[in-house]
Novice: 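Just dropping this structure here.
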Amino acid sequence: MTTMTLAKALNAGLRRAMEDDPKVLVMGEDVGKLGGVFRITDGLQKDFGEERVIDSPLAESGIVGTAVGLAMRGYRPVVEIQFDGFVYPAYDQIVSQVAKLHFRSGGKIPMPMVIRIPFGGGIGAVEHHSESPEAQFAHTPGLKVVACSNPVDGYWMIQQAVASDDPVVFLEPKRQYHADKAEVDEDAVPDPLHVSRVVRAGEHATLLAYGPTVKVCYAAATAAAEEGKELEVIDLRTLSPLDMAPVYDSVSRTGRAVVVHEAHVNLGLGAELAARVTERCFYSLQAPVLRVGGFDTPYPPARVEEEWLPDLDRVLDAVDRTLAY
Amino acid sequence: MTTTRDARTSIGRDLALDLYQTMMTIRRFETIAGELFAAGRLPGFIHLSIGQEAVAAGVCAALEDTDYITTTHRGHGHCIAKGGRVTEMMGELYGREGGYALGRSGSMHIADNAVGILGANAIVGGGIPMAVGGALAAQLAGHRQVSVSFFGDGAVAEGVAHECLNLATLWKLPIVFVCEHNGYAEMTPVSTHLANPDVTQLAAAYGMNATAVDGNDVAAVLAVSREAVARARNGGGPSFVQARTDRWRGHFEGDPQRYRPREEVQAMTDRDPIAAWRSVLGAEHGVSDDELDSMDDRITAELTSAVEKAEAMPLSDPAGLTRFVYPEASR
């Protein structure tokens, strides 16, 4: 048992993944000597050497493309994209190559790559440093997309993503990196990577969240409980593929669902979740599935980001609306 | 720079014939593919490399089987020269289960790891970082493999090409960048798409050895490739080869080529790399026309057989399309 922040947990998980398999490499901007701008790769270059923890130029497309070549030759590259908005220069490589090579080669070329992306807002940064691009990757067949929300999941999910032969876009809620600590049992048997999990049980409505909004929804459920409203909170964890069984099970019981993500509501993950819940739980639903998320604007300047991000009040407002149906 | 005469004298008769066979196999493969496409027998798009055969043959003759290449949408020739099997290639063009990738990759994504073809790529410039990754893998593993990326002058305008030139030089990677400079980015002439059409100057600015060569002279291509490959293999880092050549066909089959006069293509055929090499074989190696004609016939027979085999392969099964989307699900 070790008490860790999410940042420390990811660091420890990466370290263990590198110990377990000499083919695991870490690449990215400032990941080596500096240890990453968020300290996620802190100390790894010192311990594993410059050949396994590679400081790259600011060349996201070249780095991800280079990682493709490494993966073709038997390595398991873990690429750090420094901030969410910096992934767009690599978007072509990820969507046109990483996602498609296994399919395109008739199963001959695996693509065991992890693309780590600190995502979401709340740290007083600006656009390109606070974005939630998950839907763009979840929309692409051939990519797996996961989001951790806490230190325990961070520790295990990063190891599972590295061990997977699938290319995984690994989303880390940057505002949670140093926010909370949790006990991590390094000898535990973790849940599989692609499962969603009920993190708080309730009977009146279901909140669906991932990454940074899990904490927001948990706080909303705690507040609602004081008013006698018991909200079930599901941490989706896996965004592609979605693990819908726990969601259907929950909504079948509660009859109400609210999806909460920082990403823009329009065509976000919430739209897909609402569609699937409606298709499968139609006769159980007491209200339409509601969505709470970022507004359909570019990410706002730091001074007003708290107005923009879904917070406790907006989640509770949606809960009130769904309960009022 | 190595002169053509020096280059020729370093090539023995067997290698000279091998180069001819590779070039002629490419020429015939492309010609047959063009005919099949025109007859409506091949699905999708195809982009032919007729006129550019000397680059593929000359560069790949400098490589070992264990070396890697990445190539482009116009990549049939490079795949053939690197040892790709024509039957599986033809099966892939036909979209058949017996193709290299179950008929999924089509003409533009042929790959064969067994002979070092990391893949052709439909995205212009898309193969360049993969070759850099292959070179980095070889360097990290301590292998003496060399990675080659073929791309056209069109790719030089892509940002990722420059990221890769920087990365390769920075990390002193065992790679050879081969710019097959045919003067066109798809349908746009180099005067319209590159600020500096001499790409060696751009590459040299990154600090790597950069050489221009007549890409229609297979001996000259082989000579500069040998130098570049030896440099890479011996830890000397990357090199850049600009091979000026000619694309006789349009960007794609069916391209009406309104952007250039017919005379331009006529002038290209006067610089036919295969005809030129036939003359060299006769004059310097004493190879008779009959010998070459019978080699041509054997090549045609092999390709005719490849077409027959491809046509006999089952069609790619649409029901199988959900397979191989994810590696883990295919374990």
Side-chain angles (χ1 to χ4, degrees), chain A residues 22-23 25 27 49-52 54-75 77 89-90 92-93 95-113 140-144 160 163-168 193-194 240-241, chain B residues 68 70 92 97 99-106 108-114 118-119 121-123 125-141 143 145 147 158-168 170-171 173 316 320-321 323-331:
Chain A
K23 291 292 190 182
L25 305 176
M27 310 173 72
E50 291 183 4
E51 294 202 332
R52 292 189 65 194
I54 302 170
D55 274 320
S56 76
L58 308 184
E60 292 82 3
S61 186
I63 292 306
V64 174
T66 298
V68 170
L70 286 166
M72 284 174 162
R73 300 307 307 168
Y75 285 91
D92 166 54
Q93 290 297 325
V95 172
S96 296
Q97 313 297 349
V98 174
K100 297 184 170 72
L101 272 160
H102 188 257
F103 179 87
R104 176 195 292 160
S105 64
K108 289 182 183 158
I109 303 176
M111 200 41 50
M113 181 189 305
T140 303
L143 297 177
K144 296 282 178 78
Q160 292 166 325
S164 170
D165 279 347
D166 295 335
V168 179
L193 181 59
H194 295 292
S240 182
Chain B
Y68 322 131
T70 66
E92 204 48 54
E97 288 281 340
Y100 259 123
L102 311 176
R104 292 175 179 206
S105 77
M108 288 189 272
H109 290 110
I110 288 166
D112 184 351
N113 223 350
L118 294 188
N121 214 287
I123 299 290
I128 304 175
M130 293 180 195
V132 170
L136 180 55
Q139 185 187 65
L140 291 172
H143 296 157
Q145 289 153 319
S147 194
E158 293 279 2
V160 75
H162 294 268
E163 293 185 24
C164 288
L165 293 175
N166 180 51
L167 285 169
L170 189 67
W171 294 341
L173 296 179
S316 192
L321 280 178
R323 290 179 69 210
F324 303 122
V325 179
Y326 294 98
E328 285 286 339
S330 316
R331 268 185 166 182

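Convention: sequence-line order gives letters A, B, ...; per-chain numbering from 1. Remember, predicted model here, so these are calculated numbers, not experimental data.
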Novice: Please identify, among B:D112, B:N121, B:L170, the residue contributing the most non-hydrogen atom pairs under 4.5 Å to chain A.
Specialist: B:N121
Novice: Please list, one pair per line, the donor and acceptor atoms closer than 3.5 Å that link side chains of residues 62-69 of chain A to other protein atoms, with sequence neighbours excluded.
Specialist:
{"residue": "A:T66", "atom": "OG1", "partner": "A:G62", "partner atom": "O", "Å": "2.6"}

Novice: Between B:A141 and chain A, which part of the residue has a heavy atom less than 4.5 Å away: side chain, backbone, both or neither?
Specialist: both
Novice: At a heavy-atom distance under 4.5 Å, which candidate from A:S56, A:P141, A:P110, A:G142 has the highest pair count against chain B?
Specialist: A:G142
Novice: Heavy-atom pairs under 4.5 Å with chain B are the metric here; pick the option from A:R73, A:H102, A:M111, A:K100 that has the most.
Specialist: A:H102
Novice: Answer with side chain, backbone, both or neither: which region of B:I128 has an atom nearer than 4.5 Å to a non-hydrogen atom of chain A?
Specialist: neither
Novice: Using non-hydrogen atoms only, which part of B:N166 is less than 4.5 Å away from chain A: side chain, backbone, both, or neither?
Specialist: side chain
Novice: Which atoms of A:P167 are under 4.5 Å from chain B, going by heavy atoms: the side chain, the backbone, both sets, or neither?
Specialist: side chain
Novice: Hey, does A:D92 have a side-chain heavy atom less than 4.5 Å from the side chain of B:V160?
Specialist: no
Novice: Name the region of A:S96, side chain, backbone, both or neither, that has any atom closer than 4.5 Å to a heavy atom of chain B.
Specialist: side chain
Novice: Side chain, backbone, both or neither: which part of A:E60 has a non-hydrogen atom closer than 4.5 Å to chain B?
Specialist: backbone
Novice: For B:L118, which atoms come within 4.5 Å of any heavy atom of chain A: side chain, backbone, both, or neither?
Specialist: both
Novice: I want to check something: taking the side chain as every heavy atom from C-beta on, are A:L101 and B:M130 in contact at a cut-off of under 4.5 Å?
Specialist: yes
Novice: For the pair A:M72 and B:T70, evaluate side chain to side chain contact (heavy atoms under 4.5 Å, CB included) and give the outcome as yes or no after the intermediate values.
Specialist: CA-CA 12 Å; A:M72 284 174 162; B:T70 66; over 6 Å; no
Novice: Any side-chain heavy atom of B:Y326 within less than 4.5 Å of one from A:S240?
Specialist: yes
Novice: Count the heavy-atom pairs under 4.5 Å between each of B:I110, B:V325, B:L102, B:V132 and chain A, then report the option with the highest count.
Specialist: B:V325
Novice: Which heavy-atom pair separates B:G133 from A:L70 by the least distance, and what is that distance?
Specialist: O-CD2, 3.6 Å
Novice: At a 4.5 Å cut-off on heavy atoms, which part of B:Q145 comes close to chain A: side chain, backbone, both, or neither?
Specialist: side chain
Novice: Kindly indicate, with the supporting measurements, whether the criterion side chain to side chain contact (heavy atoms under 4.5 Å, CB included) is fulfilled by A:I54 and B:W171.
Specialist: CA-CA 10 Å; A:I54 302 170; B:W171 294 341; 3.6 Å; yes
Novice: What part of A:I109 gets within 4.5 angstrom of chain B, counting heavy atoms only: side chain, backbone, both, or neither?
Specialist: side chain
Novice: With chain A as the partner, which of B:G127, B:G126, B:A137, B:A135 has the greatest number of non-hydrogen pairs under 4.5 Å?
Specialist: B:A137
